[in-house]
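Structure record follows, encoded as structure tokens.
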Amino acid sequence: MSETKKKPTLRSAAWFGTQDKNGFMYRSWMKNQGIPDHEFQGKPIIGICNTWSELTPCNAHFRKLAEHVKRGILEAGGFPVEFPVFSNGESNLRPTAMLTRNLASMDVEESIRGNPMDGVVLLVGCDKTTPALLMGAASVDIPAIVVTGGPMLNGKLNGQDIGSGTAVWKLHEQAKGGQISMHDFLAAEAGHARSAGTCNTMGTASTMACMAESLGVSLPHNAAIPAVDARRYVLAHMSGMRIVEMVNEDLKLSKILKRENFENAIRTNAAIGGSTNAVIHLKAIAGRMGVPLELEDWTAVGKGTPTIVDLQPSGRFLMEEFYYAGGLPGVLRRLGESNLLPHKDALTVNGRTIWENVQDAPIYNDEVIRKIDNPLIDDGGICILRGNLAPRGAVLKPSAASPHLMKHRGKAVVFEDFDHYKARIVDPDLDVDENSILVMKNCGPKGYPGMAEVGNMGLPPKLLAKGITDMVRISDARMSGTAYGTVVLHVAPEAMAGGPLGIVKDGDFIELDCKAGRLHLDVPEDEIKTRLADRAENQKEAPRTGYAGLYLDHVLQADEGCDFDFLVGCRGSAVPKHSH
Ligand code: FES
């Protein structure tokens, strides 16, 4: 920071900076917390936006995290004010935490704008909390820094490491296929999540933590330090110190969240084998910042990028090893040294460029952070598909798919919705074999309000018993970042919005060609038109009440980031009028 630069006017002065009736009222009520008068004399006021909740177990250690952020803010001469926002935890919240991502973002946006805050620290962890807080903060655009809660320690079962979520899918398939008992399956529970923190695989939480770091909105190493590692609390402290400087430098989110930073994040997602959910969340964050980002950017920027992080669900290791191997700075260094980091000069929250942050980053383990010429997957970029079955696109994660299925033609076995799937998949008489394609409808943003993570449909038990471990699956749903398989997701428009997915019938042939980016329903064009017309007549609308009603009325499709139409864009940090 330039020493001679004039410090910006603090927006909190509009609350506490006047010697009149209004200043009296704002200060007086705050003083009931034991705050002395000198705290209101021009110190930057830093919000700590906390998603702590005992119902969000991944974020349940955030009170301690916030304490360390506060220490940093105080040390740097700021005045910390912690505030709660809606905590959308993935594991408990029904029907899906994605339903309330936008609700949480509204809470964050209005909490920041309406309160005396000059900068904000975003405490995030569980999947949706990261995009929700970034979306809300982006729409206000004040200085903001992300502090992630960190991943859990490795899971343990019978002397082996097991990964969050990924172990559940694998063990459950084994139990359904009869390879292990239900008793052994349930016995894995205790060792599966054995410390504070988020899922320890490269699931959505770890992916979004890596996205935040590669976007430049967190300090280096924020993504991977384990939740219980003392260095996580040092990073929280340092972030608290840094946000005070950011306020003094007027380093707002809009100066960091540029198109270039999103391109770095897309490339990073391919290198880490990141979750398909990042496609939706990055689009939503970019939309709040007014940065154009389209599905095709994932092909243009990400395609051909090797996956070099050998983490479950695509690979072998877990976040603990990732941190010990060098964490995300090691990955970014490897990318940059091979000219695979598109924008080395992209600015980050510490005031340095991303390349300045990582160019000397040590890498301690070439098995976990592999060399570019020895990747886990040659092309780890998210595969974007289009065709008459997905006119507005669909996605597939190549690093989680079976290479032999990435070009495949098969007969559809169709499920009208998730309940129909659950009832029908166990039918021993179901006409299905390993070459069939499982198709599920009505699980998109409107069809299963919130777009549940049910796209990785479990295979028919009779095929699991035969040792089949993967089949092509297609839906308008999402998939947990911890899941795997040759799974086509986010088909847009979704069935409930009139998309062609809604008219697929048992026995129709479908062609998937990942290399060509094609998803084709092999049904004559006239027949497709007739079926679409019939479906439009018979479409049933869900009742529109409560928050779910607002959601149904305003949610955008997957290719648009599933934000609400009225929330897209930055509404700025102008201080609202006061009412007394
Ligand atoms: Fe919270 Fe996975 S359930 S991070």
Side-chain angles (χ1 to χ4, degrees), residues 50-62 65 85-101 104 122-134 146-155 161-172 188-213 218 222-229 232 269 272-278 280-281 311-314 317-320 322-323 328 397 400 450-456 478-484:
N50 202 340
T51 48
W52 168 85
S53 167
E54 288 177 343
L55 289 166
T56 303
C58 313
N59 298 14
H61 58 300
F62 277 21
L65 199 65
V85 288
F86 187 94
S87 181
N88 42 345
E90 201 66 29
S91 57
N92 281 324
L93 202 57
R94 295 183 177 197
T96 160
M98 184 63 179
L99 180 67
T100 46
R101 183 200 64 175
L122 308 173
L123 298 192
V124 302
C126 197
D127 300 16
K128 306 304 177 291
T129 57
T130 305
L133 269 59
L134 272 171
V146 165
V147 175
T148 300
M152 294 181 216
L153 298 177
N154 289 2
D161 285 346
I162 54 170
S164 312
T166 305
V168 182
W169 314 125
K170 285 211 162 110
L171 293 168
H172 192 231
E189 266 178 33
H192 174 259
R194 65 188 186 90
S195 84
T198 53
C199 290
N200 53 27
T201 44
M202 190 51 80
T204 305
S206 301
T207 299
M208 291 311 298
C210 290
M211 292 296 90
E213 192 171 327
S218 74
N222 174 63
I225 305 173
V228 295
D229 192 311
R232 168 67 52 195
N269 187 274
I272 62 175
S275 164
T276 45
N277 283 321
I280 291 176
H281 297 322
L311 250 62
Q312 297 180 30
S314 303
F317 299 102
L318 296 167
M319 289 297 283
E320 222 185 310
F322 183 43
Y323 177 55
L328 197 70
K397 180 176 170 180
M451 200 181 176
E453 292 184 331
V454 292
N456 58 314
R478 293 178 304 117
M479 170 173 94
S480 164
T482 63
Y484 53 87

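Atoms within a ligand are numbered from 1 in the order they appear, just like the ligands themselves.
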Where ligand 1 meets [X] - atom numbers and elements under 4.0 angstrom, heavy-atom basis:
{"X": "Cys126", "value": "1 (Fe), 3 (S), 4 (S)"}
{"X": "Cys58", "value": "1 (Fe), 3 (S), 4 (S)"}
{"X": "Ala205", "value": "4 (S)"}
{"X": "Glu90", "value": "3 (S)"}

Whether Glu90 side chain and Asp127 backbone form a donor-acceptor pair below 3.5 Å =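 Looks like no, no N/O pair under 3.5 Å.
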ask   = If hydrogens are left out, which of Asn92, Thr56, Asp127, Thr482 has an atom nearest to atom 4 (S) of ligand 1, that is, the closest non-hydrogen atom?
value =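 Shortest heavy-atom distance from atom 4 (S) of ligand 1: Asp127.
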ask   = Taking all atoms of both residues into account, what is the closest heavy-atom pair of Thr100 and Leu93, and its distance?
value = OG1-CD2, 3.4 Å
inquiry  = Within 45 degrees of the ring normal and closer than 6.0 Å to the centroid, is that where the cationic atom of Lys170 sits relative to Tyr484?
reply    =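 Lys170 over Tyr484 ring: yes.
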task = Using the side chain to side chain donor-acceptor pair (under 3.5 Å) rule, take Ser87 and Thr56 through it: C-alpha gap first, then chi angles, then the decisive distance, then the call.
result = CA-CA 7 Å; Ser87 181; Thr56 303; 2.7 Å; yes
request  = Check whether any side-chain heavy atom of Met98 lies under 4.5 Å from a side-chain heavy atom of Glu453, and answer yes or no.
outcome  = no
key: atom 1 (Fe) of ligand 1 to nearest N/O/S of Cys199 less than 2.8 Å   =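 No, since none of the N, O or S atoms of Cys199 sits under 2.8 Å from atom 1 (Fe) of ligand 1.
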